[in-house]
Colleague: 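Pasting a structure below so you can have a look.
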Amino acid sequence: MVDQKKIKEAVRLLLEGIGEEAEREGLKETPDRIARMYTEIFSGMDETAADHLSKTFSVSGNDMVVEKDIVFYSTCEHHLMPFYGKAHIAYIPDGKVVGLSKLARCVEVFAKRPQIQEKMTAQIADAIMEHLQPKGVMVMVEAEHMCMTMRGVKKPGSMTMTYAARGAFEEERQQEKFFRMVRR
């Protein structure tokens, strides 16, 4: 659970640490604004994927389901700077599916935590495997990291791509089909 009081204290100390006057007009309410913002952007700390993936529907088919271009915003745990991009998810049902919005909500659960992209990608795939028990799942995440574009090497536009394949998607044929569908 987010502790807004601690966040406010930390922001005041940070402002003083960079040489700012925390009580000046433009900054006076900044600790409160940031505490409210952190409650929102780190809301995944208080959620689980099960909250969204537990309501399923029976299906007789086992054709691939693809949800692509799921926009997300996350925070790099190394620099506490944003990274953002799109997640693409495919799974092959084994008797049950979930509402499509629930896949996006699953992405949000993991994106709204201090995180690294590699771990987030695997967590999404593992959650879908656990809760939907499909024949397979594949997740691809592509993101731009502000710690790469705004500081350090300063390479705007560089994209990091991560993949996680489980079950039937460990087969190259299924991966190729997924990539073709995502790139349409």
Side-chain angles (χ1 to χ4, degrees), residues 1-56 67-89 98-132 137 139-162 164:
M1 175 172 276
V2 174
D3 185 335
Q4 288 196 359
K5 183 179 177 188
K6 283 186 178 181
I7 294 170
K8 290 175 191 179
E9 291 170 14
V11 172
R12 277 188 206 91
L13 286 173
L14 175 67
L15 291 170
E16 291 170 6
I18 64 169
E20 269 292 355
E21 175 56 51
E23 291 299 315
R24 76 173 169 83
E25 183 181 0
L27 293 176
K28 190 172 187 172
E29 295 178 25
T30 296
D32 185 58
R33 281 191 294 269
I34 291 178
R36 288 192 320 267
M37 176 186 71
Y38 278 9
T39 299
E40 177 184 343
I41 68 174
F42 293 125
S43 62
M45 300 291 293
D46 297 325
E47 290 185 87
T48 68
D51 296 339
H52 305 290
L53 298 176
S54 58
K55 182 169 175 59
T56 60
E67 182 73 19
K68 67 179 199 171
D69 296 333
I70 302 168
V71 174
F72 72 90
Y73 299 91
S74 193
T75 304
C76 168
E77 67 184 29
H78 297 145
H79 298 99
L80 293 181
M81 292 190 76
F83 69 95
Y84 55 92
K86 295 178 181 179
H88 315 285
I89 300 171
V98 68
L100 295 177
S101 70
K102 304 307 183 191
L103 295 175
R105 292 187 189 283
C106 178
V107 170
E108 289 295 301
V109 164
F110 296 111
K112 290 188 172 194
R113 300 175 178 184
Q115 185 65 279
I116 61 171
Q117 181 177 332
E118 297 88 340
K119 184 177 176 184
M120 184 180 88
T121 304
Q123 287 173 323
I124 295 166
D126 292 341
I128 293 169
M129 284 299 287
E130 177 183 350
H131 298 290
L132 298 185
V137 65
V139 176
M140 178 173 94
V141 174
E142 47 191 334
E144 186 167 344
H145 293 248
M146 295 303 288
C147 58
M148 283 273 299
T149 64
M150 186 177 165
R151 57 154 304 278
V153 297
K154 296 182 181 120
K155 298 297 178 201
S158 62
M159 297 295 285
T160 300
M161 299 180 76
T162 51

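A quick note: this is a predicted structure, and the numbers were derived from the prediction, not measured.
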Colleague: Can you tell me how far NZ of K102 sits from CG of L132, rounded to the nearest 0.5 angstrom?
Modeller: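 Nearest 0.5 Å value for the CG-NZ distance: 12.0 Å.
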Colleague: Is it true that a side-chain atom of E67 and a backbone atom of A104 form a donor plus acceptor pair closer than 3.5 Å?
Modeller: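 Side chain of E67 to backbone of A104: no pair is present.
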Colleague: Should I89 and V107 count as side-chain neighbours, where that means a heavy-atom distance under 4.5 Å?
Modeller: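 A side-chain contact exists here, since the closest heavy-atom pair is under 4.5 Å.
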Colleague: Can you find a pair of side-chain heavy atoms, one from K8 and one from D32, that are under 4.5 Å apart?
Modeller: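 In contact.
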Colleague: Let's go through I128 and V98 carefully: what are the C-alpha distance in whole Å and the side-chain angles of both, what is the deciding distance for side chain to side chain contact (heavy atoms under 4.5 Å, CB included) to 0.1 Å, and is it a yes or a no?
Modeller: CA-CA 10 Å; I128 293 169; V98 68; over 6 Å; no
Colleague: Run Y84 and M146 through side chain to side chain contact (heavy atoms under 4.5 Å, CB included) and show every step you take.
Modeller: CA-CA 9 Å; Y84 55 92; M146 295 303 288; 3.9 Å; yes
Colleague: First locate atom CD of E9, then atom CG of D3, and finally report the distance between them rounded to the nearest 0.5 Å.
Modeller: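 Spacing of CD (E9) from CG (D3) equals 8.0 Å.
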Colleague: Just verifying a value: how many Å separate H88 NE2 and I70 CD1, rounded to the nearest 0.5 Å?
Modeller: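 Spacing of NE2 (H88) from CD1 (I70) equals 8.5 Å.
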Colleague: Specify the closest pair of heavy atoms between S158 and M148, including all atoms of both residues, with the distance to one decimal.
Modeller: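 Of all heavy-atom pairs spanning S158 and M148, the closest is OG-CE, 3.7 Å.
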Colleague: Of all heavy-atom pairs between A111 and M120, which one has the smallest distance, and what is that distance?
Modeller: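 Closest heavy-atom pair between A111 and M120: CA-SD, 3.6 Å.
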Colleague: Restricting to non-hydrogen atoms, name the atom on R113 and the atom on S74 that form the minimum distance, rounded to 0.1 Å.
Modeller: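 Taking every non-hydrogen atom into account, O-OG, 3.6 Å.
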Colleague: Answer yes or no: is there a side-chain heavy-atom contact under 4.5 Å between H52 and E47?
Modeller: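 When only atoms from C-beta onward are counted, E47 and H52 do touch, with a gap below 4.5 Å.
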Colleague: If every non-hydrogen atom of A87 is compared with every non-hydrogen atom of V141, which pair is closest and at what distance?
Modeller: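 Answer, listing the atom of A87 first, then V141: CB-CG2, 4.1 Å.
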Colleague: Please say whether more than 12 non-hydrogen atoms of neighbouring residues, nucleotides or ligands are located less than 6.0 Å from NZ in K68.
Modeller: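 More than 12 within 6.0 Å, yes.
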Colleague: Could you tell me how the ring of F83 sits relative to the ring of F72: parallel (under 30°), tilted (30 to 60°) or perpendicular (over 60°)?
Modeller: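 Perpendicular: the ring planes of F83 and F72 meet at over 60°.
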Colleague: Under 4.5 Å between any side-chain heavy atoms of Q4 and Y38, yes or no?
Modeller: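 No - every pair of side-chain heavy atoms lies 4.5 Å or more apart.
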Colleague: If you compare all heavy atoms of L53 against all heavy atoms of T56, which two are closest, and at what distance to 0.1 Å?
Modeller: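 Distance-wise, the nearest heavy atoms are O-CG2, 3.7 Å.
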Colleague: Any chance the side chains of T39 and R36 put a donor and an acceptor closer than 3.5 Å?
Modeller: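 No donor-acceptor contact under 3.5 Å links the two side chains.
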Colleague: For H78 and I116, what are the C-alpha separation, side-chain angles and deciding distance, and is it a side chain to side chain contact (heavy atoms under 4.5 Å, CB included)?
Modeller: CA-CA 8 Å; H78 297 145; I116 61 171; 3.6 Å; yes
Colleague: Say you draw a straight line from OG1 of T75 to NZ of K112; how long is it, rounded to the nearest 0.5 Å?
Modeller: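 One gets 10.0 Å once the value is rounded to the nearest 0.5 Å.
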Colleague: T162 and Q117: side-chain donor and acceptor closer than 3.5 Å?
Modeller: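 Looking only at side-chain atoms, Q117 and T162 do form a donor-acceptor pair, the distance falling under 3.5 Å.
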Colleague: Write down the atom of H79, the atom of C147, and the distance for their closest heavy-atom approach.
Modeller: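 Nearest pair, atom of H79 first, then C147: ND1-CB, 3.4 Å.
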Colleague: For atom CE of M150, decide whether the heavy atoms of other residues, nucleotides or ligands shown that lie under 6.0 angstrom number more than 12.
Modeller: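 Check fails, neighbour count at 12 or below.
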Colleague: Just how far is it from atom CG of D126 to atom OG1 of T121, taken to the nearest 0.5 Å?
Modeller: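 Atom-to-atom, D126:CG and T121:OG1 are 10.5 Å apart.
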Colleague: Hey, is the main chain of M161 close enough, under 3.5 Å, to the side chain of E142 for a donor-acceptor pair?
Modeller: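 Side chain of E142 to backbone of M161: no pair is present.
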Colleague: To the nearest 0.5 Å, what is the distance between CD1 on I7 and CZ on R33?
Modeller: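 I7 atom CD1 to R33 atom CZ measures 14.5 Å (nearest 0.5 Å).
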Colleague: Going through the distances and angles, do L27 and E21 end up as a side chain to side chain contact (heavy atoms under 4.5 Å, CB included)?
Modeller: CA-CA 8 Å; L27 293 176; E21 175 56 51; 5.9 Å; no
